[in-house]
**Student:** 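Quick one: the structure is below, and I'll ask about it shortly.
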Amino acid sequence: MIDELYSKSNNMMQLIRPSLVAPGGFYDKVWFDKLLQSSGPRVLNVMSHHMYSLGPGNDGNIMKKILNPDHLNKASFVFSNLSSTIQENGPWTSAWVGESGGAYNSGARDISNTFVNTFWYLDQLGMAAKYNTKVYCRQSLIGGFYGLLNKTTYIPNPDYYSALLWNRLMGKGVLHVNITASQYLRSYAHCAKQRVGVTVLVINLSNQTMYNVDVQSNNYAKLPSKNQTGTNKRSFIHGLKESVSWIGNKASDEKVYREEYHLTPEGGNLRSRVMLLNGQPLQLTELGDIPSLLPAVNDVNSPLSISPYSVKFVVYPNFINQGCI
């Protein structure tokens with residue numbers, strides 16, 4: 001039908017020819033495999049699926065699931081299996097998450113619309129990109145507890161700012177990451193958005209451990225641990241793939257810096273509806289505009305750490321990668 005309506009003889013119609021997206025619903029290998037096999041070559045443009053990895057919104061264990069790295073890892077099986085389905089049956093097709101809100105049935109009251117929800121959300125965005133997902137549709141902009149905006153006041157919930165920072169900082173190029181650290185420390189790396197550099201997303205699910213973070217290319221060396229009073233402070237090595245090079249090693253009098261966007265909950269309350277960026281609350285201006293999302297700028301050689309129960313985007317303008325140029 002699409003071929004008939006958008007005939008190749010009409011060049012203008014070809015330019016606006018829509019993509020065929022299917023099937024939606026939760027991933028099922030037999031169903032998705034058979035759809036690609038039956039529809040034939042280059043018929044289906046996009047394989048879409050739904051992701052609600054936290055279960056129903058009335059599950060009393062949702063917060064525990066969000067903070068449990070083993071549970072977050074379960075989503076990788078879906079992404080990996082879908083990737084295999086496409087490679088084996090329809091390599092011309094792209095993978096989309098057509099709908100995802102963490103917990104289905106409108107989300108979870110006082111969880112889906114609070115800071116703690118950003119842990120699974122940003123983690124799953126990173127994981128989806130890692131498995132070559134081209135589009136990730138969040139449920140919803142307005143509606144339910146999982147809406148990015150409050151359904152009565154339209155004030156942004158914490159996940160709105162998480163999504164906005166992801167969109168502004170994480171480019172399309174996805175870099176391989178190796179981590180030697182606790183499973184409670186999670187990280188993803190992309191080419192920086194619309195500029196030279198690399199953006200690293202670091203998520204700390206630990207309730208008591210602050211981590212020192214060292215971003216390197218393919219030279220791996222263990223950093224000595226440093227302890228602060230009342231804090232168990234560890235180190236980890238974060239390796240980007242071999243094609244990454246650190247141009248800051250070149251002789252130069254120019255100061256080399258990094259940009260940090262540190263996200264924490266107001267008052268340390270994981271269920272707070274107010275997110276802090278570098279210690280400042282993210283709130284609409286008096287005119288109702290989105291606040292400026294300005295980074296903290298630090299010398300690249302200064303210590304980089306991430307506190308318990310927090311998230312940090314770190315942009316390295318002087319990290320270059322051949323795949324990002």
Side-chain angles (χ1 to χ4, degrees), residues 118 122-123 125-126 129 161-162 164-181 185-204 209-226 228 231 233-264 275-280 282 291-325:
T118 207
L122 286 177
D123 186 76
L125 285 178
Y161 293 109
S162 297
L164 187 56
L165 284 170
W166 174 279
N167 181 263
R168 290 184 179 182
L169 303 176
M170 305 290 271
K172 292 183 178 180
V174 182
L175 304 176
H176 177 67
V177 175
N178 290 323
I179 302 176
T180 56
L185 189 66
R186 306 171 73 82
S187 188
Y188 302 92
H190 286 215
C191 302
K193 183 77 170 284
Q194 297 180 340
R195 59 170 167 167
V196 175
V198 169
T199 302
V200 179
L201 169 63
V202 187
I203 302 170
N204 188 354
T209 304
M210 176 181 285
Y211 292 94
N212 283 336
V213 179
D214 182 27
V215 180
Q216 301 185 1
S217 58
N218 63 330
N219 297 317
Y220 298 87
K222 186 75 174 181
L223 288 181
S225 298
K226 297 181 180 180
Q228 293 184 343
T231 303
K233 199 170 186 179
R234 302 174 182 173
S235 300
F236 84 101
I237 299 305
H238 182 147
L240 300 180
K241 62 183 181 182
E242 294 182 2
S243 57
V244 173
S245 60
W246 175 243
I247 66 173
N249 288 335
K250 297 180 180 180
S252 174
D253 294 331
E254 184 179 354
K255 184 176 180 179
V256 182
Y257 64 93
R258 65 173 183 263
E259 300 169 3
E260 299 180 27
Y261 301 79
H262 190 205
L263 304 178
T264 55
M275 174 180 278
L276 306 184
L277 172 60
N278 297 322
Q280 299 301 313
L282 291 174
S292 298
L293 305 180
L294 301 177
V297 178
N298 295 302
D299 189 298
V300 74
N301 293 315
S302 63
L304 172 64
S305 62
I306 180 166
S307 57
Y309 281 158
S310 70
V311 174
K312 185 173 285 190
F313 289 91
V314 186
V315 181
Y316 290 88
N318 298 96
F319 244 124
I320 61 173
N321 178 284
Q322 295 302 316
C324 297
I325 297 176

**Student:** If every non-hydrogen atom of Leu293 is compared with every non-hydrogen atom of Tyr161, which pair is closest and at what distance?
**Tutor:** CD2-CD2, 4.2 Å
**Student:** Quick check on side-chain contact (heavy atoms from CB on, under 4.5 Å): which of Leu263, Val311, Leu125, Asn167 does Ser162 satisfy it with?
**Tutor:** Leu263
**Student:** Show the nearest heavy-atom pair for residues Asn204 and Met210, with the distance to one decimal.
**Tutor:** ND2-CA, 4.4 Å
**Student:** Rounded to the nearest 0.5 Å, how far does CD of Gln280 lie from NE2 of His262?
**Tutor:** 13.5 Å
**Student:** Specify the closest pair of heavy atoms between Pro295 and Tyr261, including all atoms of both residues, with the distance to one decimal.
**Tutor:** CB-CZ, 3.3 Å
**Student:** Is there a side-chain contact between Leu201 and Trp166 (heavy atoms, below 4.5 Å)?
**Tutor:** yes
**Student:** Roughly how far, to the nearest 0.5 Å, is the OH atom of Tyr316 from the CG atom of Leu304?
**Tutor:** 4.5 Å
**Student:** Measure the OG1-CD1 distance between Thr118 and Ile203 for me, rounded to the nearest 0.5 Å.
**Tutor:** 8.0 Å
**Student:** Got a second to check how far Met275's CE is from Thr264's OG1, nearest 0.5 Å?
**Tutor:** 8.5 Å
**Student:** Are Val177 and Val200 close enough that some pair of their side-chain heavy atoms sits under 4.5 Å apart?
**Tutor:** no
**Student:** Got a sec, which residues hit side-chain hydrogen bond (donor to acceptor under 3.5 Å, both in side chains) with Ser292, two or more places apart in sequence or on another chain?
**Tutor:** none
**Student:** Using every non-hydrogen atom in the two residues, find where Arg258 and Pro303 come nearest and quote the distance to one decimal.
**Tutor:** NH2-O, 2.9 Å
**Student:** Apply side chain to side chain contact (heavy atoms under 4.5 Å, CB included) to the pair Val215 and Val314, showing each step before the final yes or no.
**Tutor:** CA-CA 10 Å; Val215 180; Val314 186; over 6 Å; no
**Student:** Run the salt bridge (charged side-chain N to carboxylate O under 4.0 Å, His left out) test against Arg195 and tell me which residues pass, sequence neighbours left out.
**Tutor:** Glu259
**Student:** Residues two or more places apart in sequence or in another chain: which of them pass side chain to side chain contact (heavy atoms under 4.5 Å, CB included) with Asp299?
**Tutor:** Lys255, Asn301, Ser302
**Student:** In Å and rounded to the nearest 0.5 Å, what is the NE2 to OG1 distance from His190 to Thr199?
**Tutor:** 9.0 Å
**Student:** Closest approach of Ala296 and Asn278, non-hydrogen atoms and distance?
**Tutor:** N-ND2, 3.2 Å
**Student:** May I have the step-by-step check of side chain to side chain contact (heavy atoms under 4.5 Å, CB included) for Lys312 and Val213, ending in yes or no?
**Tutor:** CA-CA 11 Å; Lys312 185 173 285 190; Val213 179; over 6 Å; no
**Student:** When you look at Lys193 and Leu169, which way does the side chain to side chain contact (heavy atoms under 4.5 Å, CB included) test go after all the steps?
**Tutor:** CA-CA 5 Å; Lys193 183 77 170 284; Leu169 303 176; 5.5 Å; no
**Student:** I need the Leu164 CG to Leu282 CG distance, nearest 0.5 Å.
**Tutor:** 9.5 Å
**Student:** What closest approach, in Å, do Ala129 and Val174 show between heavy atoms, and which atom pair accounts for it?
**Tutor:** O-CG2, 3.7 Å
